[in-house]
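Comments concern the structure below.
Read the numbers this way: they start at 1 and go in the same order the structure lists the ligands and their atoms. From a predicted model like this one, the values you see are computed outputs, not experimental measurements.
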Amino acid sequence: MGIIVQKYGGTSVATAEKIKNVAQSVIREKNKGNSVIVVVSAMGHTTDYLVKLASEISPSPSNREMDMLLSTGEQVSIALLTMAIQAAGHQAVSMNAMQVGIITENVHSKARILDVKTEKLLQNLNDGKIIVVAGFQGVTPAGEITTLGRGGSDTSAVAIAAAIKADRCDIYTDVEGVYTTDPRIVPNASKLEQVSYDEMLELAYLGANVLHPRAVETAKQFNVPLRVRSTFKPDDLGTLILGVKNMEIYKPVTGVAADSSQARIVVCDVPDKPGVSAKIFSALAAKNISVDMIIQSYARQSNNTNDVAFTVSSDDVEKVLEILEPIAKELQASNVHVNDNIAKVSIVGAGMVDRPGIAADMFKSLADAGINIKMISTSEIKISCLVDKQNAKEAVKRLHEVFELGCGEIAEVKGDLPNF
Ligand code: ADP
Ligand code: ASP
Ligand code: MG
């Protein structure tokens with residue numbers, strides 16, 4: 001018999017009744033003869049509530065105290081779920097990140113996991129206990145509490161599964177698997193039986209928040225067999241995420257994703273000479289700012305200047321403007337322009353490699369809908385277009401249709417509508 005890691009998201013543990021239901025699902029896995037480690041998120045919208053509470057106390061709370069605050073949500077769930085499992089007659093123990101030894105880098109609010117200690121986990125499993133671990137949180141080597149970024153409990157689960165060499169990691173959530181796009185936007189989106197790590201990584205990074213991107217990264221790195229499945233339909237096997245899909249299920253486009261959490265920055269009229277981009281992006285990198293799409297315009301003949309445009313997370317805009325102020329002055333830029341009324345809409349598919357027609361089809365379908373493309377970026381298996389935020393939903397619908405991703409069924413959706 002094997003070791004199974006299960007993860008239950010916020011919607012799955014939103015009420016006492018749902019926690020009892022999760023306890024039954026955990027016990028079912030244990031009764032199959034498996035050792036079970038369960039990772040849980042905070043109940044329902046607890047994390048959002050705590051973020052709001054902090055904003056009512058301070059306009060810019062420190063990241064350290066935010067982590068101290070947000071990590072409490074998961075501790076409530078682990079205690080309650082453990083009580084529910086115990087009440088149903090099984091041995092269980094809850095553990096927070098410090099007790100397990102989920103060691104992260106010393107970065108607050110989006111720390112990466114460096115190591116997961118397995119000693120105490122194995123001890124408790126050998127004692128026959130079900131272990132309930134707090135997702136989303138970690139601890140630095142110096143004992144500071146960190147969090148992994150919103151949605152990070154998925155990553156906690158996969159990292160534990162990798163460290164303990166689990167036979168499987170099951171991510172239980174409020175949809176039945178990974179769909180061709182967010183079923184809240186396109187109700188006839190199709191559930192994917194299989195999706196490759198690479199495609200899932202792109203989809204997750206590009207806004208399909210059904211999985212935390214770093215969870216997929218870790219699963220790929222350590223070859224963890226990963227499933228996304230429904231808490232409310234435990235017999236449904238959901239979607240398997242794996243190294244290589246079966247040959248016959250490759251279509252050119254596997255899925256469509258949208259992300260409205262970015263802002264576009266344009267540094268206008270900078271000199272067209274070596275070192276300008278290096279100066280801008282080195283300064284941003286030095287402060288740990290991730291930059292996504294980048295475009296440098298063709299140099300204007302009249303004054304030998306061009307514009308450098310790029311996107312960053314909306315949360316980083318203030319920090320970026322601070323960093324850019326002295327640089328823009330030094331480069332005599334005429335303006336630094338910010339637009340956060342944008343969304344990035346992307347198509348992803350391993351089957352689009354070497355098929356140039358796919359990009360043209362994407363652009364034409366957006367043009368037919370009267371949607372203007374502000375920036376484009378591509379990789380081997382994805383094409384992203386930046387559009388106005390109000391066009392994001394329509395763009396997703398059109399692309400889903402043009403690449404024939406829909407099915408006859410209507411997905412059952414329990415979460416709130418995405419906020420584009
Ligand atoms: P949890 O709280 O269980 O972690 P999340 O809200 O983080 O759940 O993720 C599940 C949600 O992700 C679904 O309710 C769904 O609306 C959304 N979602 C976005 N893109 C996709 C997709 N491609 N496939 C499935 N779900 C998606
Ligand atoms: N509770 C955290 C969040 O809401 C982590 C998670 O749910 O994965 O982002
Ligand atoms: Mg999630």
Who's closest to atom 25 (C) of ligand 1 heavy-atom-wise, of Gly151, Ser41, Gly177?
-> Gly177
Can you pull out the closest protein heavy atom to atom 9 (O) of ligand 2? Residue, atom name and distance to 0.1 Å, please.
-> Arg150 NE, 2.7 Å
Other residues, nucleotides, ligands: >12 heavy atoms within 6.0 Å of Glu119 CD = no
Taking N or O atoms only and a 3.5 Å limit, does Gly149 qualify as a polar contact for ligand 2?
-> no
With only distance considered, is Ser41 within less than 3.5 Å of ligand 2 through an N or O on each side?
-> yes
Whether Gly73 lies under 4.0 Å from ligand 2, heavy atom | no
Report the part of Glu74 in contact with ligand 2, treating N, CA, C, O as backbone and CB onward as side chain, heavy atoms under 4.0 Å; options are side chain, backbone, both, neither.
-> side chain
NZ/NE/NH1/NH2 to OD/OE distance under 4.0 Å, [X] and [Y]:
X: Asp368; Y: Lys364; value: yes
X: Glu401; Y: Lys397; value: no
X: Lys393; Y: Asp182; value: no

Atoms in ligand 2 flagged as close to Gly151, the criterion being non-hydrogen separation under 4.0 Å | 3 (C), 5 (C), 6 (C), 8 (O), 9 (O)
Would you kindly specify which portion of Lys7 sits under 4.0 Å from ligand 1, judged on non-hydrogen atoms: side chain, backbone, both or neither?
-> side chain
Using a heavy-atom cut-off of under 4.0 Å, does the side chain or the backbone of Asn209 touch ligand 1, or both, or neither?
-> both
Show the numbers, then the answer: is there a salt bridge (charged side-chain N to carboxylate O under 4.0 Å, His left out) between Lys220 and Asp198?
-> CA-CA 8 Å; Lys220 181 184 172 188; Asp198 288 332; 2.7 Å; yes
